[in-house]
Amino acid sequence: MTAPFIAFENVTFAYPAQSSASAQLFKQATSPEIRALNNLSLEVPRGQYVVVLGHNGSGKSTLARHCNALLLPVRGRVLVDGLLTSEPSNQKAIRDRVGMIFHNPDNQLIATMVEDDVAWSLTVRGLPAALIRERVEEALVAVDIIDLRKRPPNQLSGGQRQRVAIAGILALRPACIVADEATAMLDPLSRGEIVRLLHQLHQDYELTIIQATHLLEEAVLADRVVVMERGKIVLDGSPVQIFSDLERLRQLKLAIPEPIELAARLRSVGQPISPEALTVEAIAREIAR
């Protein structure tokens with residue numbers, strides 16, 4: 001059996017609690033820790049597109065940040081391509097394999113020109129100038145911003161800046177991209193474009209993609225959906241399997257997209273809408289049939 005690309009083995013992680021001013025004033029006891037992952041196990045095969053769903057505080061971002069050793073387990077272990085994340089000597093190799101994209105692209109942009117920003121991580125690694133130019137060109141084309149290469153990032157839209165951040169990761173030739181709420185600060189049109197871009201990169205480069213989000217509509221085209229609650233995995237399956245129980249998703253405080261809600265109501269009154277119709281386009285075709 002092929003070893004998973006990323007493996008969580010009985011991982012527990014806790015953030016230290018911060019005593020509130022009111023708790024100190026009234027000398028109330030505070031919890032010594034906030035447990036974000038609770039004895040969690042998960043295997044992600046190489047090349048899989050996984051969406052990790054959950055409301056705020058469910059643990060999905062904490063899980064995402066364990067994938068390239070930004071966070072390390074309190075108990076248990078995480079392996080990336082067979083490398084233990086808690087071993088300091090492995091962490092550079094792990095971060096070369098797994099690139100992270102965060103919800104605010106401005107936190108990842110440091111140069112005054114788009115192409116310089118994409119080149120920065122290659123430059124600090126000491127790659128030859130000709131190879132850097134080649135990698136930057138390829139990355140800019142892949143995320144469809146080659147025409148913006150001479151523009152300052154601060155003059156770009158939120159969606160364009162997120163593309164610059166993705167290009168900077170892609171230029172490093174990672175095996176995996178982890179997107180931690182990467183669409184959270186974008187308008188609906190830009191959100192859809194970034195999700196489609198991630199799927200295109202998954203297909204074109206055979207990347208492993210792990211996308212953490214609270215938006216169910218971003219999960220419909222994934223290979224696999226993992227739903228988290230209180231630091232644990234409570235659902236794990238294909239999009240069709242996960243979306244077959246909308247009531248359970250509501251109980252997990254997840255908002256059901258209107259087209260999927262409509263399709264469920266039509267099924268309830270006898271309309272033959274396929275359970276595999278999860279996108280707006282697929283549902284519209286089913287209705288038109």
Side-chain angles (χ1 to χ4, degrees), residues 49-56 58 60-61 64-65 67 99-118 120-121 136-172 174 176-205 207-223 225 239 243 254-262 278-284:
Y49 196 121
V50 182
V51 168
V52 182
L53 279 173
H55 62 79
N56 291 340
S58 62
K60 62 185 184 299
S61 288
R65 293 173 190 223
C67 292
M100 290 282 298
I101 307 163
F102 300 99
H103 72 282
N104 187 351
D106 292 342
N107 293 339
Q108 293 182 258
L109 305 181
I110 60 172
T112 57
M113 191 183 298
V114 164
E115 65 179 0
D116 292 342
D117 200 282
V118 176
W120 181 83
S121 58
V136 169
E137 180 93 7
E138 181 182 327
L140 292 173
V141 169
V143 302
D144 197 24
I145 54 170
I146 189 69
D147 58 320
L148 303 177
R149 65 188 309 162
K150 300 294 185 183
R151 293 277 296 277
N154 62 8
Q155 293 182 5
L156 305 181
S157 70
Q160 289 170 332
R161 292 199 299 276
Q162 195 62 281
R163 286 175 184 264
V164 176
I166 294 171
I169 296 297
L170 197 62
L172 290 170
C176 173
I177 291 179
V178 177
D180 182 16
E181 295 279 11
T183 65
M185 299 184 67
L186 304 180
D187 61 83
L189 179 60
S190 296
R191 283 203 304 266
E193 290 176 349
I194 292 298
V195 172
R196 284 191 292 274
L197 174 60
L198 290 173
H199 278 281
Q200 190 65 49
L201 296 176
H202 168 246
Q203 180 177 353
D204 292 347
Y205 294 91
L207 293 172
T208 305
I209 303 284
I210 299 174
Q211 181 187 353
T213 182
H214 64 279
L215 299 170
L216 271 67
E217 57 265 34
E218 295 185 358
V220 296
L221 296 178
D223 297 326
V225 180
F243 281 82
L254 294 169
I256 310 302
E258 289 184 2
I260 292 176
E261 188 81 72
L262 173 61
L278 297 176
T279 65
V280 172
E281 295 78 9
I283 293 169

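Any value given below was found using the heavy atoms of this structure, including those in side chains, with hydrogens, waters and symmetry copies removed.
- Here the straight-line distance linking atom CG of L198 with atom OG1 of T183 works out to 9.0 Å at 0.5 Å rounding.
- Under the 4.5 Å side-chain criterion, counting only non-hydrogen atoms from C-beta, E137 is in contact with I146.
- In this structure, P239 and A222 approach most closely via the heavy-atom pair CG-O, 3.2 Å.
- Considering all non-hydrogen atoms of both residues, P174 and G99 come closest at CB-N, 4.2 Å.
- Of all heavy-atom pairs between G159 and L186, the closest is N-CD2, 3.6 Å.
- The closest donor-acceptor contact from the side chain of Q160 to the backbone of S157 lies under 3.5 Å.
- With a 6.0 Å radius and a threshold of 12 heavy atoms from other residues, nucleotides or ligands, D144 has its CG atom at or below the threshold.
- With contacts defined as side-chain heavy-atom distances shorter than 4.5 Å, the pair V164/V118 qualifies.
- In this structure the side chain of R163 reaches within 4.5 angstrom of the side chain of I194, judged on heavy atoms.
- In this structure, CE on M100 lies 9.5 Å from CD1 on I210, to the nearest 0.5 angstrom.
- Here the side chains of V114 and L156 are in contact, with some heavy-atom distance below 4.5 Å.
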Test side-chain contact (heavy atoms from CB on, under 4.5 Å) applied to D117 and I110, step by step: CA-CA 6 Å; D117 200 282; I110 60 172; 4.0 Å; yes
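- Of all the heavy atoms in L216 and P257, the pair that sits closest is CB-CD, 3.7 Å.
- Applying the side chain to side chain donor-acceptor pair (under 3.5 Å) rule to E115 yields the partners R149, K150; only residues at least two apart in sequence or on another chain are considered.
- Here the side chains of L189 and E193 are in contact, with some heavy-atom distance below 4.5 Å.
- Atom CG in L140 sits 9.5 Å away from atom CG in L170 (nearest 0.5 Å).
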- request: Go through V51 and E218 one step at a time and tell me if the side-chain contact (heavy atoms from CB on, under 4.5 Å) criterion holds.
  value: CA-CA 8 Å; V51 168; E218 295 185 358; 5.7 Å; no
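- Rounding to the nearest 0.5 angstrom, the gap separating the CZ atom in R191 from the OG1 atom in T213 is 8.5 Å.
- Residues E181 and K60 are in side-chain contact: their nearest non-hydrogen atoms beyond the backbone lie under 4.5 Å apart.
- Of all heavy-atom pairs between Q162 and P105, the closest is OE1-CB, 3.7 Å.
- Minimum interatomic distance between A64 and A212 (heavy atoms only, all atoms of both residues): CB-CB, 4.5 Å.
- Put simply, CD1 on I260 and OG1 on T279 are 8.5 Å apart, with the number rounded to the nearest 0.5 Å.
- From M185, atom CE reaches atom CG of N104 across 4.0 Å, with rounding to the nearest 0.5 Å.
- In terms of modelled atom types and a separation under 3.5 Å, the side chain of Q108 and the main chain of F102 share a donor-acceptor contact.
- Between H199 and Y49, the two ring planes are parallel [angle under 30°; tilted spans 30° to 60°].
- A 4.5 Å side-chain heavy-atom check between V195 and Q211 finds at least one atom pair inside the cut-off.
- Annotation: side chain of I101 is not in contact with side chain of V178 (no heavy-atom distance under 4.5 Å).
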- request: Report the C-alpha separation of V50 and I209 in whole Å, then their side-chain angles, then the decisive distance to 0.1 Å, and conclude whether the side-chain contact (heavy atoms from CB on, under 4.5 Å) test is met.
  value: CA-CA 6 Å; V50 182; I209 303 284; over 6 Å; no
